[in-house]
There are 2 protein chains.
Amino acid sequence: MGVQERRARQKENIREEILDAARALFVKEGYERVSIRKIAEKIEYAPGTIYLYFEDKAAILERICEETFSKLAQKMHAINADPSNPLDGLRRGLRTYVQFGVDNPNHYIVAFVQAKQIPRDAQPKAGERCFDNLRTAVRRCIEAGQLNCEDVEEIAQALWAGVHGVTTLLITCSFPFIEQNRLIDRVVHILIEGIRKR
Amino acid sequence: MGVQERRARQKENIREEILDAARALFVKEGYERVSIRKIAEKIEYAPGTIYLYFEDKAAILERICEETFSKLAQKMHAINADPSNPLDGLRRGLRTYVQFGVDNPNHYIVAFVQAKQIPRDAQPKAGERCFDNLRTAVRRCIEAGQLNCEDVEEIAQALWAGVHGVTTLLITCSFPFIEQNRLIDRVVHILIEGIRKR
DNA sequence: GATGTACACTGAACAGTGTTCAGGAGTTGA
DNA sequence: TCAACTCCTGAACACTGTTCAGTGTACATC
């Protein structure tokens, strides 16, 4: 009975086609401008067909964001694996996070800003994994006695807020910002100085 | 010729009616859920009528945000007027900013997150005034020799990023955050410690 | 008072959106 | 050959922001 398997494979292929088309539109145009009809047109199917493969539009975009954030989680995991100075690892982790957001603005906005508008039982799991890496990095610094506060969760969330701020600001606000890297570095520097024991 | 004046007054009244209806819907339901037809229904006019008073939907929401941000600018101005310790004034300014955002989530998101999507020559001027107040507060701290960096613009933008981050995170992300005030205070504390000269 | 004009307003229409679903094909196994 | 199953279509629904020809009223002029 190879028939079922072949069918499953074909189905998976079309799922991938949909994701590829959606990804291309999404990266180029952003969430709002990706319409089901445009995706359908791109893969040369009828609009209704999309709904045989995905629950709704949000499910497609969610899947794409999940992919992307897996990459970030990997990057941050790699930084944590480095056994050098924990505080320096934390700094690099924060820097990586912001750079990732700036490099993937549409993904970032959908995952962290429009997340509430598109509620789903399973919030992006890769996003959760990214935060876990941040927690780990903070814990190491505390264990190394490098921080002025012992509350892992509190510090991790505060740091997240800090890097999230500069990321969303750079992505969404048209404002005469100073040179981007200088601003990012300054924010990260302030955050690290603000938690460092002295 | 009191006729023209009366007409202008009537026109202004209807403009206000539209704004009132839009404000109520907006505060309760958020930008996406405010439709021109709903506003029109609320004030018992035809949808087309709205367009005799406002260029488009964005113009209405912008006007409402402008109002709200004027209040914030006032609050921050009042804090700057206080001649006590500049660093403490800065701290209170940052705290006020975040609290304002959390108290006016819909306004905040429209003004600072969807601002790019709804591009307009005149970015919210009250928002600009708020940032001016932040600049002033930073400048005073530098003049008082309290900061470890002399670049007003760089520090002001970095601080803005920090408070913007915690604000948007609390508004838009459904995440198991620690108690809200503790998180806000921690972020502000980190930011202040991170720029303070020691 | 009649007339012409200027203005306010309507509501249907347009082009778009996400989503649903009855029905039409094509393939499969008996 | 025929029934069953699967995949897909495309029209339809209810919504969105926005436009615009047409209507009715209030005013200024004759």
Side-chain angles (χ1 to χ4, degrees), chain A residues 1-19 21-22 25-26 28-65 106 110 114-120, chain B residues 1-19 21-23 25-26 28-65 106 110 114-115 117-120:
Chain A
M1 289 295 153
V3 177
Q4 296 225 339
E5 285 155 27
R6 195 204 61 210
R7 279 208 169 133
R9 218 166 37 230
Q10 280 177 342
K11 217 166 156 115
E12 197 45 48
N13 282 346
I14 294 183
R15 243 186 96 89
E16 274 310 318
E17 264 194 81
I18 294 171
L19 285 174
L25 284 169
F26 180 57
K28 197 161 28 133
E29 322 227 27
Y31 183 84
E32 306 292 339
R33 308 187 92 109
V34 181
S35 80
I36 296 291
R37 282 173 180 80
K38 277 189 199 162
I39 299 174
E41 200 181 356
K42 207 174 171 91
I43 61 169
E44 294 175 304
Y45 279 89
T49 306
I50 309 279
Y51 289 87
L52 300 173
Y53 295 88
F54 291 93
E55 197 189 337
D56 54 22
K57 188 184 163 188
I60 303 174
L61 277 300
E62 200 177 83
R63 185 74 203 75
I64 291 172
C65 288
N106 292 317
V110 166
Q114 298 177 334
K116 215 175 197 173
Q117 291 173 42
I118 308 154
R120 197 155 286 280
Chain B
M1 290 298 149
V3 176
Q4 296 226 337
E5 287 154 26
R6 197 206 58 208
R7 281 211 168 129
R9 217 165 41 225
Q10 281 177 342
K11 220 169 153 112
E12 197 45 50
N13 282 346
I14 294 183
R15 243 184 96 91
E16 275 308 318
E17 264 193 80
I18 293 171
L19 284 174
R23 190 173 15 242
L25 285 168
F26 179 58
K28 194 156 36 128
E29 321 228 24
Y31 183 84
E32 305 293 338
R33 309 187 92 105
V34 180
S35 81
I36 295 290
R37 281 173 180 80
K38 278 189 200 165
I39 299 174
E41 199 181 355
K42 207 175 171 89
I43 60 168
E44 296 176 300
Y45 279 88
T49 306
I50 308 280
Y51 290 86
L52 301 174
Y53 294 88
F54 291 94
E55 197 189 337
D56 53 22
K57 188 184 163 188
I60 303 175
L61 276 302
E62 201 178 81
R63 187 72 203 74
I64 291 173
C65 288
N106 292 318
V110 165
Q114 301 178 333
Q117 292 174 42
I118 307 154
R120 194 155 287 282

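So you know, we letter chains A, B, ... as the sequences are listed, proteins then strands, and number each from 1.
Nucleic acid contact class of B/Ile14 (heavy atoms, under 4.0 Å, all strands): sugar-phosphate only. When heavy atoms are screened at a 4.0 angstrom cut-off, B/Tyr53 is found touching the sugar-phosphate backbone but no base atom.
Straight-line distance from the CG atom of B/Leu52 to the C1' atom of C/dA6: 14 Å, rounded to whole Å. Residue B/Lys11 contributes atom NZ, which lies 15 Å from atom C1' of D/dA26 at whole-angstrom precision. The distance between atom CD of B/Glu12 and atom P of C/dC7, rounded to the nearest whole Å, is 18 Å. Distance B/Ile39 CD1 to C/dC9 C1': 17 Å, rounded to the nearest Å. Atom CD1 of B/Ile60 and atom C1' of D/dG17 are 11 Å apart (whole Å). Residue B/Asn13 contributes atom CG, which lies 15 Å from atom C1' of C/dA8 at whole-angstrom precision. At whole-Å resolution of the value, OH in A/Tyr45 and C1' in D/dT9 are 12 Å apart. Atom CD1 in A/Ile50 sits about 15 Å away from atom P in D/dC7, given to the nearest Å.
Crowding of A/Glu41 atom CD: a count of heavy atoms from other residues, nucleotides or ligands under 6.0 Å not exceeding 12. For B/Glu44, the CD atom counts as loosely surrounded, since its 6.0 Å shell holds 12 or fewer non-hydrogen atoms of other residues, nucleotides or ligands.
Under the side chain to side chain contact (heavy atoms under 4.5 Å, CB included) rule, A/Ser35 has a single partner from A/Glu32, A/Arg37, A/Arg33, which is A/Arg37.
Scanning both residues, A/Ala22 and A/Ile39, for their nearest heavy atoms gives CB-CD1, 3.8 Å. Listed here is the closest heavy atom pair of B/Leu52 and B/Lys11: O-NZ, 4.1 Å. Of all non-hydrogen atoms in B/Leu25 and B/Val34, the two that sit nearest each other are C-CG2, 3.9 Å. Taking every heavy atom of both residues into account, B/Val110 and B/Cys65 meet most closely at CG1-SG, 3.6 Å. Minimum interatomic distance between B/Tyr45 and B/Ile14 (heavy atoms only, all atoms of both residues): OH-CD1, 3.3 Å.
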Readout for nucleotides 12-27 of chain C: B = base within 4.0 Å of protein heavy atom, S = sugar-phosphate only, - = neither; 5' to 3' it is -B---BBBB-------
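Each end of the helix from C/dG1-D/dC30 to C/dA30-D/dT1 gets its own axis, taken as the rotation carrying the C1' atoms of four end pairs onto the next four within a five-pair window, and the two axes meet at 30° to the nearest 10 degrees.
A/Ile50 contributes atom CD1, which lies 12.0 Å from atom CG of A/Asp56 (distance to the nearest 0.5 angstrom).
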